Amino acid sequence: MKCKRCREKAIVQLRSHNTAFCKPCFVFFFQRSVERAIEREHMFEKHERILVAVSGGKDSLALWDALVDLGYDTEGLYLGLGIGAYSRASEAKARAFADRRGLRLTVVPLDETEDGLGIPTVAAATRRPPCSACGTFKRHHFDRAAFEGGFPVLATGHNLDDEAARLMGNVLHWQLPYLAKQRPVLTPTHPKFVRKVRPLFRTSELESATYAFLRGIEYVVEECPNSHGATQLVYKELLNKLEHQMPGSKLAFVTDFLSRGLPLFQSAPDGGLGECERCGMPAAGELCGYCRLVAEVGRRRTQAVAHS
Ligand code: AMP
Ligand code: FES
Ligand code: ZN
């Protein structure tokens, strides 16, 4: 098998693109795909400061690496979710990546913030699945860090597999408001929100894992212990089976939705946002979703003490 670009011996075959590359050409292909996604979707420009949310996993570290190499002005953000050994290992990978390259990384340990709540504590107190509390906490701290740091853009490492699985879930349940918002660039709907972008939305998990490996990026390989059996993983498995039989299906599912499906779902009205009475971030009611969850933890704890 020969590299489609330089005719040297190929080391990576990408069936979805019907192509194969040697090491330097794959690195070029990956970075070029990221750059194209940024340019085509008008995600950001070279003069803008970008906050990259890094989890210590392959996608977000591959993204950060590619953005730096492409000459973008970036800083990293790592949220310590307090999920035991998994969080400790992820933080170590994110820190090591930044240190080795002399990049600036802000670490926000959730259990040391003013609310002092890590994800397991919130999940246990509210009896919610950890992932649902985690989503609310991540969104809040991403928004807050980007706003307070004066960044116009926040980039995450969501990849093609994530986008295809999310789309499948939204289509299976005809989640119209979510379908209307499923796009790689979310423009701010409030002055305290920043633009949120997913430059890897056309890049598969296989591609980011290959890129991370070839670039010598050390990343946390374990999945979050709470993700076992998560619905998203079921969708990913199904989509992988489909991809195996019909290479290119995932990319077509997502990109055809964006070009042909999404315009049909855009009528969902965006309610006007005020500011949260407690934290000052954008909110649809008196409190934002994050502060409502924190208040619920407080209430449940008080009830537990009263009943003990
Ligand atoms: P996930 O929701 O775990 O699939 O992660 C999606 C993206 O969110 C990752 O690619 C990162 O960009 C970001 N992310 C997830 N966890 C963290 C974290 N603990 N700190 C910072 N960013 C994160
Ligand atoms: Fe949020 Fe696992 S990363 S619960
Ligand atoms: Zn709030």
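In listed order, ligands and their atoms are each counted from 1. Just so it is clear, the model here is predicted, and its values are computed rather than measured.
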- Task: State yes or no: do Phe28 and Met1 share one hydrophobic cluster built from I, L, V, M, F, W and Y residues joined by side-chain heavy-atom distances below 4.5 Å, directly or via other members?
- Result: no
- Message: Applying a strict under-4.5 Å side-chain criterion to I, L, V, M, F, W and Y, I'd like to know whether Ile217 and Phe21 cluster together.
- Response: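 They do share one cluster, since a chain of ILVMFWY contacts under 4.5 Å joins Ile217 to Phe21.
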Enter the distance from [X]:[atom1] to [Y]:[atom2] here, rounded to the nearest 0.5 Å.
{"X": "Leu51", "Y": "Thr106", "atom1": "CG", "atom2": "OG1", "result": "7.0 Å"}
{"X": "Asp73", "Y": "Glu45", "atom1": "CG", "atom2": "CD", "result": "13.0 Å"}
{"X": "Lys241", "Y": "Lys236", "atom1": "NZ", "atom2": "NZ", "result": "16.0 Å"}
{"X": "Arg202", "Y": "Glu41", "atom1": "CZ", "atom2": "CD", "result": "8.0 Å"}

- Query: Can you tell me if CD on Gln303 sees more than 12 non-hydrogen neighbours from other groups inside 6.0 Å?
  - Reply: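 More than 12 heavy atoms, drawn from other residues, nucleotides or ligands, come within 6.0 Å of this atom.
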- Message: Can you confirm whether more than 12 heavy atoms, excluding those of Glu8, are under 6.0 Å from its CD atom?
- Response: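 Count not over threshold, so no.
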Hey, which atoms in ligand 1 end up nearer than 4.0 Å to a heavy atom of [X]?
{"X": "Gly157", "result": "9 (C), 10 (O), 11 (C), 12 (O)"}
{"X": "Ser55", "result": "14 (N), 15 (C), 16 (N), 17 (C), 18 (C), 22 (N), 23 (C)"}
{"X": "Thr156", "result": "12 (O)"}
{"X": "Ser60", "result": "10 (O), 11 (C), 12 (O)"}

Do any N/O atoms on [X] end up under 3.5 angstrom from N/O atoms on ligand 1?
{"X": "Tyr78", "result": "no"}
{"X": "Ala53", "result": "yes"}
{"X": "Leu81", "result": "no"}

For [atom], grab the closest protein heavy atom and report residue, atom and distance to one decimal in Å.
{"atom": "atom 23 (C) of ligand 1", "result": "Phe142 CZ, 3.6 Å"}
{"atom": "atom 4 (S) of ligand 2", "result": "Asn226 ND2, 3.5 Å"}
{"atom": "atom 2 (O) of ligand 1", "result": "Lys138 NZ, 3.3 Å"}
{"atom": "atom 7 (C) of ligand 1", "result": "His158 CE1, 3.8 Å"}

- Task: Answer yes or no as to whether an N/O/S atom of Cys134 is found below 2.8 Å from atom 2 (Fe) of ligand 2.
- Result: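 Coordinating: no.
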- Between His140 and Tyr290, how do the two ring planes meet: parallel, tilted or perpendicular, split at 30° and 60°? parallel
- Once the angle between the rings of Phe29 and His17 is folded into 0 to 90°, is it parallel (under 30°), tilted (30 to 60°) or perpendicular (over 60°)? perpendicular
- Message: Heavy atoms only, cut-off 4.0 Å: how does Val52 contact ligand 1, side chain, backbone, both, or neither?
- Response: neither
- Which bit of Leu77 gets closer than 4.0 Å to ligand 1, counting heavy atoms only: side chain, backbone, both or neither? backbone
- Query: Taking Leu110 as the fixed residue, which of Val122, Leu117, Ile119 is the one that meets the side chain to side chain contact (heavy atoms under 4.5 Å, CB included) rule?
  - Reply: Ile119
- Query: Which atoms of ligand 2 are found less than 4.0 Å from any heavy atom of Lys138?
  - Reply: 1 (Fe), 3 (S)
- Per atom 2 (Fe) of ligand 2, closest listed option by heavy atom (Pro130, Cys224, Ser132): Cys224
- Message: Would Val54 count as a contact residue for ligand 1, given that I'm defining contact as a non-hydrogen atom of the residue lying under 4.0 Å from a ligand atom?
- Response: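 Under 4.0 Å: yes for Val54.
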- May I have the angle between Cys276 SG and Cys288 SG with its vertex at the Zn ion (ligand 3), rounded to 10°? 120°
- Query: Is a side-chain donor-acceptor pair under 3.5 Å present for Ser55 with Ser60?
  - Reply: yes
- Task: Ignoring hydrogens, tell whether any protein atom lies closer than 4.0 Å to atom 20 (N) of ligand 1; use the non-hydrogen atoms only.
- Result: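 Protein heavy atom within 4.0 Å of atom 20 (N) of ligand 1: present.
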- Query: Of all the atoms in Cys291, is at least one N, O or S atom closer to the Zn ion (ligand 3) than 2.8 Å?
  - Reply: yes
